[in-house]
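All ligand and atom numbering here is 1-based and tracks the order in the structure.
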Amino acid sequence: MEDSPRPAAFILNRDDVSTSWPAERMLLDFLRQERRLTGTKEGCREGECGACTVLLGKLEGESLRYRPVNSCLLPMGEVAGAHVVTIEGLNGEGLTPVQQALVDAGAVQCGFCTPGIVVALTGYFVNADRWEAQEAVSSLDGNLCRCTGYLSMKRAVSSLCSALQPPWKNSRDVSPAMEARLEGLVQCGLLPGYFLDIPRRLTLLREQGEHVLPFDPRESTPVAGGTDFFLQHRADDGRPKLFFLSSREDLRGIHIHDGVCRIGAATTVEEMVRSEVLAAILPHVKEHLGLFGTTAIRARATVGGNLVNASPAADVAIILLALGATVGLAEGKKRRQVALKDFFKGYKLLDKAPDEWVEWVQFPLPSRNAAFHFEKVSRRPRGDVAGVNSAILLEVDGGVIRHAHLSVGGVAPVPFYLAETVKFLEGSELTLEVVSEAAAVAQGEISPISDVRGSADYKRLLLRQLVLAHFLTLYPSLAGKGCLHGAP
Ligand SMILES: Cc1cc2nc3c(=O)[nH]c(=O)nc-3n(C[C@H](O)[C@H](O)[C@H](O)COP(=O)(O)OP(=O)(O)OC[C@H]3O[C@@H](n4cnc5c(N)ncnc54)[C@H](O)[C@@H]3O)c2cc1C
Ligand code: FES
Ligand code: FES
């Protein structure tokens, strides 16, 4: 890895840092081994426990944004030009309100999880427009506590949210820019004073071009959020040379044009959750994608990574299959498109040449009378990959299903498009009998295998239940119109 590009410079807490650590190595190791910032803990090293949580502040255009991320899955190449905040970087004169509330509520036992929890919770207060206990608790969805101090943590969060008001509460600007936020956050002691100068210092770094990573994409493996990649390439010395897709602004964003909605491949799940464009098309997108991973994973995981990793239960892939999506691929100057349902050829086998990139994915805007729904069943309600998941798009007119898409994950080697069931549904009347029969057709289309996420029979039963759940959620009046044949 001698010729790896080097992260030129970044800000670590209060300090300007310049390092020769390879771009492919993990920030967690740099913090603990090189800088001896051992407040950031190493737990699972798989993005599951949150002990290693830090805040990553990056300039996006003219605005600064901080995100909680798992430093065990964050390569050094991603921190160039950024502000990295560890637990040590939150310390000021005394305890911050977050630290004090956790102590007061008895939420600190062995303390191993505490730095990650303080950082994640502070990240919530930095980003949220309103401070609400339930949302603040949800922001800890990626932080495990082995001493199970969850109830006391919830008490701490409640008391914090009652005691603190966002300093911008009475301002006309309900969602002020980060610079204005920082002032308020420093005033109420949530952040130390040095944060006020960070926007200027980051702008200076950018002007000096210190954050630019001169990779040649033809010679390197693309990595986007790294939330799959670094689980599969654990050893530092076994990693290929990387190209960081986050540096490609042109691969990000969600736009509507000529009747289609196009999502850049490097758009993160968090950006999808927050997108007003997407919410106007899919009103429940926040709820549906809120089931994806954890806050820190959503901040990094991308659409392109989800499709190329091609896990059979990949949530974004399942949602996009039911939207009738098309993938845009690029290789040098060559461009081509492929229907997403034809993109997945077999287990982790794609209609994609080794040097081809996913540039974007797009789907036609659903008609006004279309309805969309997504269901996910997993062992844990949050932070877990689905056992079985499914999505549906239905256009019903005059009581007849005119158009349908239906997908299911976790029951086949690929994210699966239920083509036979779609054929059966289109042109059928919307009745409970048709729904019941559709569920049976869907069960006949799949041959699940038993694995750690459930037996084949269980998955088959789940698919039936999810098909029923789709229809009964979208058309609740169906429930009063007869009984379901074969319902358990
Ligand atoms: C704790 C945890 C929880 C998770 N929970 C979920 C979940 O609930 N649902 C779910 O679906 N997944 C989940 N995942 C899996 C993962 O987060 C997703 O699959 C994610 O979308 C991958 O995106 P990424 O940007 O991190 O991909 P990366 O890891 O960066 O890349 C994955 C693969 O795709 C390639 N690649 C990435 N972008 C492109 C591109 N544009 N063109 C060509 N190749 C590309 C990379 O080379 C790599 O081979 C979870 C992972 C973890 C660690
Ligand atoms: S060490 Fe567990 S999430 Fe990073
Ligand atoms: S206090 Fe011990 S792990 Fe949370």
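Counting only N and O atoms by type, the side chains of N70 and E48 include no donor and acceptor under 3.5 Å apart.
For ligand 1, none of its N or O atoms has an N or O atom of A301 under 3.5 Å away. The shortest N/O to N/O separation between G226 and ligand 1 falls below 3.5 Å. Some N or O of G225 is nearer than 3.5 Å to an N or O of ligand 1, by distance alone. Every N/O-N/O distance between L231 and ligand 1 stays at or above 3.5 Å. Considering backbone and side-chain atoms alike, E356 places every N or O at 3.5 Å or more from each N or O of ligand 1. Distances between N or O atoms of A224 and those of ligand 1 include at least one value under 3.5 Å. Between K376 and ligand 1, a contact under 3.5 Å exists for at least one N or O pair. Close N/O approach between D315 and ligand 1 is found [any backbone or side-chain N/O within under 3.5 Å]. At a 3.5 angstrom cut-off on N or O pairs, E48 does not count as close to ligand 1. Residue N306 has at least one nitrogen or oxygen atom sitting less than 3.5 Å from a nitrogen or oxygen atom of ligand 1, judged on distance alone.
Residues satisfying the ring pair (Phe, Tyr, Trp, His ring centres under 6.0 Å) test with Y124, not counting sequence neighbours, are none.
Close contacts between ligand 1 and P222 involve ligand atoms 44 (N), 46 (C), 47 (O) [criterion: under 4.0 Å to a heavy atom]. Which parts of ligand 1 touch A265 is read off a 4.0 Å heavy-atom cut-off, strictly below it: atoms 41 (N). Near V223, meaning under 4.0 Å from any of its heavy atoms, are these atoms of ligand 1: 30 (O). Proximity to A314 (heavy-atom distance under 4.0 Å) selects the following atoms of ligand 1: 11 (O).
Taking the six-membered ring for Trp and the full ring otherwise, Y66 and F195 have centroids separated by under 6.0 Å.
Proximity of a side-chain donor or acceptor of R234 to a complementary backbone N or O of L231 within less than 3.5 Å is detected. Remark: side-chain polar atoms of T122 are paired, donor with acceptor, to backbone N or O of V118 under 3.5 angstrom. In this structure, R335 contributes its side chain and G332 its backbone to a donor-acceptor pair below 3.5 Å. In this structure a side-chain-to-backbone donor-acceptor pair under 3.5 Å is present from N389 to A313. Side-chain atoms of S275 do not come within 3.5 Å of backbone N or O of M272 as any donor-acceptor pair.
Counting heavy atoms from C-beta outward, P415 and F343 have side chains that stay 4.5 Å or more apart.
Within the protein, the N, O or S atoms sitting under 2.8 Å from atom 4 (Fe) of ligand 3 are C113 SG, C145 SG. If you look at atom 4 (Fe) of ligand 2, the protein N, O or S atoms less than 2.8 Å from it are C52 SG, C72 SG.
Here atom 12 (N) of ligand 1 lies nearest to F292 when heavy atoms of F243, F292, F230 are compared. Nearest-heavy-atom check against atom 16 (C) of ligand 1 across L291, L307, T302, T227 picks out T227. Among A313, C72, G305, the residue whose heavy atom lies closest to atom 31 (O) of ligand 1 is G305.
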Listed pairs under 3.5 Å, donor-acceptor, residues 289-297 side chains, sequence neighbours left out:
| unit_1 | atom_1 | unit_2 | atom_2 | d |
| --- | --- | --- | --- | --- |
| T294 | OG1 | I297 | N | 3.2 |
| T295 | OG1 | D141 | OD1 | 2.9 |
| T295 | OG1 | D141 | OD2 | 3.3 |
| T295 | OG1 | R298 | NH2 | 3.4 |

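Residue L393 is tested with L406, L323, L282, L474 for a side-chain contact (heavy atoms from CB on, under 4.5 Å); the sole match is L323.
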